[in-house]
Amino acid sequence: MSTRSADVVILGGGSGGYAAAIRSAELGRSVILIEENELGGTCLHQGCIPTKALLHSAEVADSARTASQFGVDVTFGGVDLEKVLSYKNTIVTRLHKGLQGLVDAYGITVVNGRGRLVGPNGVEVDGELITGGAVVLATGSSPKTLPGISIGGRVVTSDQALVLPSVPEKAIILGGGVIGVEFASVWSSFGASVTIVEAMPRLVPNEDETISKYLERAFRRRKITAKTGVRVTEVTQDENAVSVTLDSGDVLDADVVLVAVGRGPNTASMGYEETGVMLDKGFVVTSDRLRTTVPNVFAVGDIVPGLQLAHRGFQQGIFVAEEIAGQRPDPIDETGIPRVTYSHPEVASVGLTETAAREKFGDKVETVTYDLAGNGKSQILKTSGAVKLVVAPTGVVVGVHMVGDRVGELIGEAQLLYNFQVDAAQAAKFVHAHPTQGEALGEALMAVSGKPLHVHG
Ligand code: NAD
């Protein structure tokens, strides 16, 4: 068997893997990055980037449709999905080329093939043994389905939904989490009639309850139906339609069913367990230093239990590279990682929900919900929503939760408040530019500090 070696060998070239590769190269390490598909992984090819391109086309369609509300005379002629997909593909291709160039410029060796961990220091790829001083597992995740529901034909996951050749007239989405509400948003803006089926009692159940209520209200106004607290018992299809039976007894028909019930880790048949890497429900068990149960084997990204977000993958990749280089970086606080859902309206949050904060700090937790009805810029944009602050008994901001168009752009300030453990009364002194949506965060800070301005206290 031929062999090659490097200081760091990385299995998987997605957000976590390539970040580990680039940071290791910056730190002077030789790196071999093994990828069976294309560099960039789910985020670049099937996730963040293509879906946000679709969401942007959806926003443009909505702007055209509602232009007259702003006094602009536009005739909305419809959505040309072929052109939408071509716009989306152009963005992905350009970023992919950029990434390839970057990896090349850092002198990282990319091996194209499917790797298998064969020992604490070795990965086998197409009959070649690649050894490293350290090995980083970064093999990502794939869409899950439900027992008895097979993917194919009219039943799709987000992978196929991204490349559908036409907009469905009627769509049912199983799962009202992040993928579910983003696709509901896109398809509704493109003209589809959309029903979401969510097993939990509310949409985006991982978010603060107040935010779910606002989102559900906004979706109702958009005529997106949400059936919450119900489960699917059967999905059947023929050449004309697909039919979904719910445990409530309802039977729904549609052209397409999107299964968006979570993503599972890609850890099977890659030699992990055989080499001694402990798994739990398929996820790789790690310490807070992202070390697996095998010395010098690390794991990053969606295979590590927790938030499945590209920017968490980047941060973990950087962390592991620095850990391997002996720099002892600070462990990553998962709660401080910002979360943004790019639906219309958007949802953005960081830190603890009110419920989680009350569990941790007791009844003296304070909250304030500032409705965007009091925010001039939001009124100009004709968006509704809210900014909710959760404040610990010490006065420190421990949660920021937002809903409304463009609130994803406010998460930068919100995450500084949380991560620097800022005192709400101190932060209330920061002046926010008028008129911006950022003012809503400022007003919420003033309100929670007992001196509201544009709201009656
Ligand atoms: P998710 O966990 O966000 O949502 C899945 C939803 O499906 C949950 O609300 C769950 O209660 C529901 N569900 C589970 N079983 C069900 C059933 N039998 N019937 C009805 N509903 C059921 O997962 P997702 O939306 O598939 O997204 C996968 C991952 O990708 C997430 O971790 C997400 O954070 C990530 N992602 C992030 C973004 C973003 O950050 N903007 C966008 C897309 C995906």
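Numbering starts at 1 and runs along the sequence shown. Remember, it's 1-based here, ligands and their atoms both numbered in the order they're listed.
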Answer whether the closest heavy-atom distance between the side chains of S193 and E169 falls below 4.5 Å. no
Quick one about N266 and S142 (side-chain donor to acceptor, distance below 3.5 Å, no hydrogens or angles considered), yes or no? yes
Strictly by modelled atom types, are T228 and R202 linked by a side-chain donor-acceptor pair under 3.5 Å? no
Against heavy atoms of V197, which atoms of ligand 1 measure under 4.0 Å? 20 (C), 21 (N)
Taking only non-hydrogen atoms of R231 and a 4.0 Å limit, the atoms of ligand 1 in range are 18 (N)
Under 3.5 Å, N or O to N or O, is G262 touching ligand 1 that way? yes
Within 4.0 Å of some non-hydrogen atom of Y342, the atoms of ligand 1 are 41 (N)
For P205, take its heavy atoms, then give the atoms of ligand 1 lying under 4.0 Å from any of them. 9 (O)
Taking atom types as modelled and ignoring hydrogens, do the side chains of N375 and Y370 form a donor-acceptor contact shorter than 3.5 angstrom? no
Indicate whether any N or O donor in one side chain lies under 3.5 Å from an N or O acceptor in the other, for R217 and S384. no
In the protein, which heavy atom is nearest to atom 35 (C) of ligand 1, and how far is it? Q308 O, 3.4 Å
Of all protein heavy atoms, the one nearest atom 16 (C) of ligand 1 is V261 CG1, 3.7 Å
State the atoms of ligand 1, each with its element, that fall below the 4.0 Å cut-off from a heavy-atom position in M200. 11 (O)
Identify which of L146, L55, T42, T51 has a heavy atom lying nearest to atom 17 (C) of ligand 1. L146
F219 and I196, any side-chain heavy atoms less than 4.5 Å apart: yes
Please determine if R263 has a nitrogen or oxygen closer than 3.5 Å to a nitrogen or oxygen of ligand 1. no
Identify the protein heavy atom lying closest to atom 25 (O) of ligand 1, giving its residue, its atom name and the separation to 0.1 Å. I179 N, 2.8 Å
Heavy-atom nearest option to atom 5 (C) of ligand 1, drawn from P338, S343, G180, A260: A260
Of C48, C43, A199, P147, which has the heavy atom at the shortest distance from atom 19 (N) of ligand 1? A199
Any donor-acceptor pair under 3.5 Å from S86 side chain to E82 backbone: no
Return yes if a side-chain donor-acceptor contact under 3.5 Å exists between R65 and S189, otherwise no. no
Quick one: nearest non-hydrogen protein atom to atom 38 (C) of ligand 1, plus distance? V178 CG1, 3.2 Å
Output the list of atoms in ligand 1 that are nearer than 4.0 Å to some heavy atom of L309, sorted by atom number. 34 (O), 37 (C), 40 (O)
At the 4.0 Å heavy-atom cut-off, does L174 count as touching ligand 1? no
Would you indicate whether the side-chain heavy atoms of V320 and Q316 approach each other to under 4.5 Å? no
At what distance is the nearest protein heavy atom to atom 41 (N) of ligand 1, and which residue and atom is it? V340 O, 2.7 Å
Looking at ligand 1, does any of its N/O atoms fall within less than 3.5 Å of an N/O of E182? yes
Identify the protein heavy atom lying closest to atom 4 (O) of ligand 1, giving its residue, its atom name and the separation to 0.1 Å. G177 CA, 3.3 Å
Atom 9 (O) of ligand 1: nearest protein contact (heavy atom, Å): E198 OE1, 2.7 Å
Report yes or no: do S378 and R406 form a side-chain donor-acceptor pair below 3.5 Å? no
Would Y272 and T139 count as having a side-chain donor-acceptor pair, cut-off 3.5 Å? yes
Please round to the nearest 0.5 Å and tell me the distance separating atom CG of L174 and atom CZ of R231. 11.5 Å
